[in-house]
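To keep things clear, I will list the structure first and then write my remarks on it.
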Number of protein chains: 2
Amino acid sequence: MLRVTKLTDYGVLLLSQMADGDEREACTARDLADSTRLPLPMVSKIAKLLAHHGLLLSHRGAKGGYSLARPAHKITLAEIIAALEGPIAITDCLGHDDCRCEADPICSMRGNWDVVNHAVRGALEGVTLEDMVAGKKVTVPSFPLALASSGSERSGK
Amino acid sequence: MLRVTKLTDYGVLLLSQMADGDEREACTARDLADSTRLPLPMVSKIAKLLAHHGLLLSHRGAKGGYSLARPAHKITLAEIIAALEGPIAITDCLGHDDCRCEADPICSMRGNWDVVNHAVRGALEGVTLEDMVAGKKVTVPSFPLALASSGSERSGK
DNA sequence: AAAAAGAGTACCAAAAAGGTCCAGTTTCCG
DNA sequence: CGGAAACTGGACCTTTTTGGTACTCTTTTT
C-alpha cells in the first residue's frame, strides 16, 4: 500500500522524542525505550542504524548514549527513510539496471517512473524532523505540485 | 525502500499498453500477455482487479476482453496504485484508528504524517496514464512543493 | 575491575508479495 | 444446440520481507 515500514515509523518517533528534549544531551537507548514505550531491542536496533547513517551521534561506554547529529530542522524525512529502509526508489527499475526493461523496447516508461520517484522524494525532503515533532503542526500550502500532464507542452530542458 | 509492488508495476505496463493501441478496441488478457511478455495468469489477475475498481471495462464471453473505462489522461497513477494495493497510506496510523497513538499523547505526530501522506498522494495524482505511455516523456518543473519547513521564515502558527 | 553503555550479528516467526491453478459463467458462432 | 473463447472468483503455494529478539563483543567511566 505504498507505506513506510514500522522501523521508519518508530524511527521518527524516537528522533522526534530526542529533538523534543534537551537537544545536546545524550540519551540512552533505555531512556528512549522508556519514554516511547517501545521495546529496548527495537530502539537499540534503530538507533544503531540511524547512527550508522550519520543522523545520530553515539557515545559509547558508561554515561554514553545517542544525540542528534544535526539540529532537527536539518534532518529530513527522506533521510530517515533512506537510513532505515534503503534508498527511496518507487520501482525496482530505478535501483539497478538489470531489469527486463532495457532489453525491451516496450518499457520506455522507466524515465517516467523516475520522474514520479523524484516527485515523491521531493515531497519527503520537504518535511523535516522539526516539522514532525510532537505538538507542532505542519502546514502545507494548497499543494502546488504541477507535473506537466497529458499532452500539455512544457519548457523542457 | 518505499516502493510500489510488482502488481502496480505490471498494471501500469498493461494499462499503458492498452492506451497506446486502439483506444476503444477491447483486447484480451492473452493479447496483453503476449505484447507485454507477462505471464497470462498475472495479466488476468491484474485486469480483474483493475476492472473491479472501475479502471477497466470487461466484456465477457467469446470475443470479449478488456478496454479502458476512461481516456488515458483521466486515469491517475494514484488510482492505479489504490486499485492494486489498497488505499495509499504512508503509515499504519492513517488507515485505522485503533493504533496505540490515540491513547498515547506522545504520538501527536499523526496529523503530520497525514500531511506527508497528502503530499505523496498529491504527487501521484499529478501523473496520468497518458503521461506514462511508452514513448512519451513527462517533464517536471523545478519542483515547487513548498511545505512550511524548519523554523525558519515560517509565517504564523 | 566492574558496571553501563553501544556495536555487530545471528536468528526466528509472522506477514506480505509474487505467482499459479482451477472450477464456474457468460457470450459468440457455426 | 453445443462448443470454444473469455472473464470471474477463489484457493493455494513459495519466496521475500518485516518485525522482533538474543547473544557476544568492545568501549568508557568510576
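Proteins come first, then strands; the chains are lettered A, B, ... in the order of their sequence lines, and each starts at number 1.
Along DNA chain D, read 5' to 3', the first and last nucleotides having any atom under 4.0 Å from a heavy atom of chain B are dA5(D) to dG10(D).
Residue contacts shown for Ala29(B) are limited to sugar-phosphate atoms, with no base heavy atom under 4.0 Å away. Lys48(B) comes within 4.0 angstrom of a base, heavy atoms only.
One finds the CD1 atom of Ile81(B) at 11.5 Å from the CG atom of Leu7(B) (value rounded to the nearest 0.5 Å). Between the CG atom in Leu57(A) and the CG atom in Leu50(A) there is a gap of 11.5 Å [rounded to 0.5 Å].
If you take CG of Leu49(B) and P of dT20(C), they are 16 Å apart, rounded to a whole angstrom. Distance Tyr66(B) OH to dT26(C) C1': 13 Å, rounded to the nearest Å. For Ile46(A) and dA7(C), the CD1 to P distance is 14 Å, given to the nearest whole Å.
Closest-nucleotide positions on DNA chain C for His52(A) and Gly61(A) were compared, and the one nearer the 5' end corresponds to Gly61(A). In this structure, Val4(A) and Arg60(A) both approach DNA chain D, and ranking their closest nucleotides by distance from the 5' end singles out Val4(A). Both Thr5(A) and His59(A) sit near DNA chain D, but only Thr5(A) has its closest nucleotide nearer the 5' end.
Ser58(A) has a side-chain polar atom (N or O) that falls below the 4.0 Å cut-off from OP1 or OP2 of dA7(C).
Not counting sequence neighbours, the partners of Thr8(A) by the side chain to side chain donor-acceptor pair (under 3.5 Å) test are Glu85(A). Checked against side-chain contact (heavy atoms from CB on, under 4.5 Å), Lys6(B) has the following partners two or more places apart in sequence or in another chain: Asp92(A), Tyr10(B).
Residues Thr36(B) and Leu14(B) are in side-chain contact: their nearest non-hydrogen atoms beyond the backbone lie under 4.5 Å apart.
Between Ile90(B) and Leu2(A), the shortest heavy-atom contact is CD1-O, 3.7 Å.
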